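Everything numeric here is computed off the predicted structure, so don't read it as measured data. So you know, we letter chains A, B, ... as the sequences are listed, proteins then strands, and number each from 1.
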There are 2 protein chains.
Amino acid sequence: MLKEERFRVILSQLGQDQKVHLAELSYVLKVSEDTVRRDIKELADQGLLKSVRGGAVPHSPGPHNFKDRVEYGSEQKQIIAGKALSFLKDGQVAIFDGGTSAMLIAQALPKDIHLTVVTNSFPIASILEEHEKVEVLFAGGRLLKNSFVTIGNETIQYFRKFRADICFSGICSIHTDFGVTGPDYEESEVKRAMVESSREIIALSTMEKLGTAEAYYVCPTNQLTTIITDQPDNLDAFEIYKSMGIKMV
Amino acid sequence: MLKEERFRVILSQLGQDQKVHLAELSYVLKVSEDTVRRDIKELADQGLLKSVRGGAVPHSPGPHNFKDRVEYGSEQKQIIAGKALSFLKDGQVAIFDGGTSAMLIAQALPKDIHLTVVTNSFPIASILEEHEKVEVLFAGGRLLKNSFVTIGNETIQYFRKFRADICFSGICSIHTDFGVTGPDYEESEVKRAMVESSREIIALSTMEKLGTAEAYYVCPTNQLTTIITDQPDNLDAFEIYKSMGIKMV
DNA sequence: ATCAATATTGCAAAATATTGCAATTAATAT
DNA sequence: ATATTAATTGCAATATTTTGCAATATTGAT
């Protein structure tokens, strides 16, 4: 079998599956894993795919295909994203935080809405780059490896310059006494800056995060305007937050 | 069997199968593999197929094959990238601008070097995100569609906060009288901020950009420390810039 | 820290290419 | 026709590339 044939198989398989494993290919192509590895390396050098540990993944032209990174967001998060969209109005200035929930909103965003989006998330900025009518303002700062968001004082200062209409803040723990809290110090600091720079705060949370608390404080619960959850039919929590003037959706 | 006849068979077989093997053809055509090889070479010279080890595959159609583009651009710029790397020392703070040249440097960067990189380019930040020992500081600002870099006042202010060791600035026009100039107002402004925030300035340019000028001013020529070109053997230019105290590589 | 999975490297064997050369065939001029 | 030249072909000797293996290093997850 020609090397070129193997290339074709690898690329075609990759087109279907978004991933290929060395062992699989080695079996299918009837060559050693070493050879597959070398093939993958060669294809990677040509920019046709990206070599990763144990196999390869597609590599589309742009800077990075963050869209692939969005693991088929859980069904619940899709629901949340759908609901969130109804809060966005044409012409608004919106802050998007770096979580996967906010990313799903960005992905679900219709192409024809006119917005100014402020974010510290590479994936979100990349997604919105394709939206003609969306102006993207990106918060600088130290790039956090693996999650592709910027953090640190610079990032915070950037957000503080805004008075946005609306802010989508991803999964945090929400507790009536302890307020909104997060598991990471620096990210929580950034989140606070976002929240304090916006008029309306839409918290995106799953039901199980309600009533729990983490180590780092973000803001008081009553600062939230709305809480969007996957199942707003949990009446206990529903009533509690509603009585605080928070809209539950 | 006539040579032309063999050609016809080879091409026809290739049309059906997307591939041909030397051994097969040798058997079918009843000539030695050497002859088949020579046939293939001749057909390849005419651009009718692509000769590969062990046989041939159809010639990839279209002048703008993605793969070709990658390799093509690389050719000269790869040389520049290689040279640029020798200027980077462990532990330095480096500014990378948003051009493709700087991107190639990032791509060619060894994984084990310890650096702090300041950039306004998504692609570069993405590439370096995979480098364990590289801290990426990203300049915020307005995201420029299509080129994935941030620009504007925020971006400029961000760079002004640094005093970097070295700055890699992509292809600009360089003229002894008019200085360094660029084709876009905002990008040139950002470039100036980068240049003024760095001790050492490495300009990455192709030979044809030397001695030309564009509309927007970046900095005086003598502010450059080094000019890296693809062919530093153009002695005329070489001497001129060298006499200004600029290192030509 | 530890372990298993994966990657890298060097190396030798196998596959494939290249080259020079001689034999054959086709082409052309006389 | 025939001699001369040029092109084609197969073969053998010599490079070059590819491949799988084994030893070693690296990585990722726990």
Side-chain angles (χ1 to χ4, degrees), chain A residues 1-11 13-14 17-59 68-69 71 144-148 183-184, chain B residues 1-11 13-14 17-46 48-59 67 71 90 107-114 127-134:
Chain A
M1 182 181 263
L2 298 179
K3 192 162 66 169
E4 266 60 26
E5 288 182 77
R6 295 202 306 266
F7 286 4
R8 268 217 312 281
V9 172
I10 294 174
L11 289 174
Q13 191 131 358
L14 204 53
D17 252 8
Q18 308 291 301
K19 65 172 196 265
V20 286
H21 292 272
L22 283 178
E24 257 176 55
L25 286 175
S26 166
Y27 176 76
V28 172
L29 301 173
K30 300 186 196 326
V31 292
S32 74
E33 295 202 3
D34 301 71
T35 300
V36 176
R37 229 190 298 277
R38 282 184 274 235
D39 285 352
I40 285 178
K41 183 170 188 305
E42 201 173 330
L43 289 169
D45 285 342
Q46 296 180 8
L48 294 167
L49 51 70
K50 186 183 168 199
S51 167
V52 297
R53 202 179 170 79
V57 295
H59 183 28
D68 296 343
R69 262 172 194 280
E71 309 285 338
L144 193 60
K145 302 293 175 81
N146 299 322
S147 69
F148 283 97
D184 179 273
Chain B
M1 184 180 266
L2 255 45
K3 190 159 72 165
E4 300 300 326
E5 230 175 314
R6 294 202 306 270
F7 284 6
R8 204 177 43 72
V9 173
I10 294 174
L11 288 174
Q13 191 129 357
L14 202 55
D17 236 5
Q18 310 287 300
K19 88 211 175 209
V20 287
H21 293 261
L22 282 179
E24 257 176 55
L25 286 175
S26 166
Y27 176 77
V28 173
L29 301 173
K30 298 188 196 329
V31 291
S32 75
E33 295 201 2
D34 301 69
T35 301
V36 177
R37 228 190 300 278
R38 282 184 273 237
D39 286 353
I40 284 178
K41 184 172 188 304
E42 202 173 329
L43 290 168
D45 286 342
Q46 295 179 26
L48 294 164
L49 50 69
K50 185 180 168 198
S51 167
V52 300
R53 195 179 175 85
V57 294
H59 186 57
K67 175 182 156 187
E71 285 176 330
D90 209 81
Q107 240 155 7
L109 199 69
K111 287 261 183 183
D112 58 355
I113 189 172
H114 169 247
I127 292 166
L128 297 179
E129 189 268 349
E130 292 175 2
H131 291 243
E132 195 92 19
K133 296 183 162 184
V134 174

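Note on the helix from C:dA1-D:dT30 to C:dT30-D:dA1: terminal axis deviation equals 50°, with five pairs used at each end and the result rounded to 10°.
Under the salt bridge (Lys or Arg N to Asp or Glu O under 4.0 Å) criterion, B:Lys133 pairs with no residue, sequence neighbours left out. Scored by the salt bridge (Lys or Arg N to Asp or Glu O under 4.0 Å) test, A:Arg6 finds A:Asp39 as partners (sequence neighbours excluded). For the side chain to side chain contact (heavy atoms under 4.5 Å, CB included) test, residues two or more places apart in sequence or in another chain that qualify with B:Asp45 are B:Lys41. By the side chain to side chain contact (heavy atoms under 4.5 Å, CB included) test, A:Asp184 pairs with A:Glu186, A:Glu187, sequence neighbours left out. Residues satisfying the side-chain hydrogen bond (donor to acceptor under 3.5 Å, both in side chains) criterion with B:Ser51, sequence neighbours excluded, are absent altogether. Listed by chain and number, the residues in a side-chain hydrogen bond (donor to acceptor under 3.5 Å, both in side chains) with B:Ser32 are B:Thr35 (sequence neighbours excluded). Qualifying side chain to side chain contact (heavy atoms under 4.5 Å, CB included) partners for B:Val9, counting only residues two or more places apart in sequence or in other chains: B:Gln13, B:Leu29. Here B:Glu42 pairs with B:Lys3 under the side-chain hydrogen bond (donor to acceptor under 3.5 Å, both in side chains) rule; sequence neighbours left out. With sequence neighbours excluded, the residues that form a side-chain hydrogen bond (donor to acceptor under 3.5 Å, both in side chains) with B:His21 are A:Glu5.
Taking all atoms of both residues into account, the shortest heavy-atom contact from B:Leu48 to B:Leu11 is O-CD2, 4.0 Å.
Across the protein-nucleic acid pair, A:Leu22 atom CG and D:dG20 atom P stand 13 Å apart, rounded to whole Å. The distance between atom CD of B:Glu33 and atom C1' of D:dA12, rounded to the nearest whole Å, is 15 Å.
Mapping heavy-atom proximity under 4.0 Å, the span of DNA chain C touched by chain B runs 5' to 3' from C:dA15 to C:dT19.
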Short heteroatom pairs, N/O only, protein and nucleotides 6-9 of chain D, under 3.5 Å:
unit_1, atom_1, unit_2, atom_2, d
D:dT8, OP1, B:Lys3, NZ, 2.7
D:dT9, OP1, B:Arg6, NH1, 2.7
D:dT9, OP1, B:Arg6, NH2, 3.1
D:dT9, OP2, B:Arg6, NH2, 3.0

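Backbone-only contact: B:Val52 has heavy atoms under 4.0 Å from sugar-phosphate atoms and none from a base.
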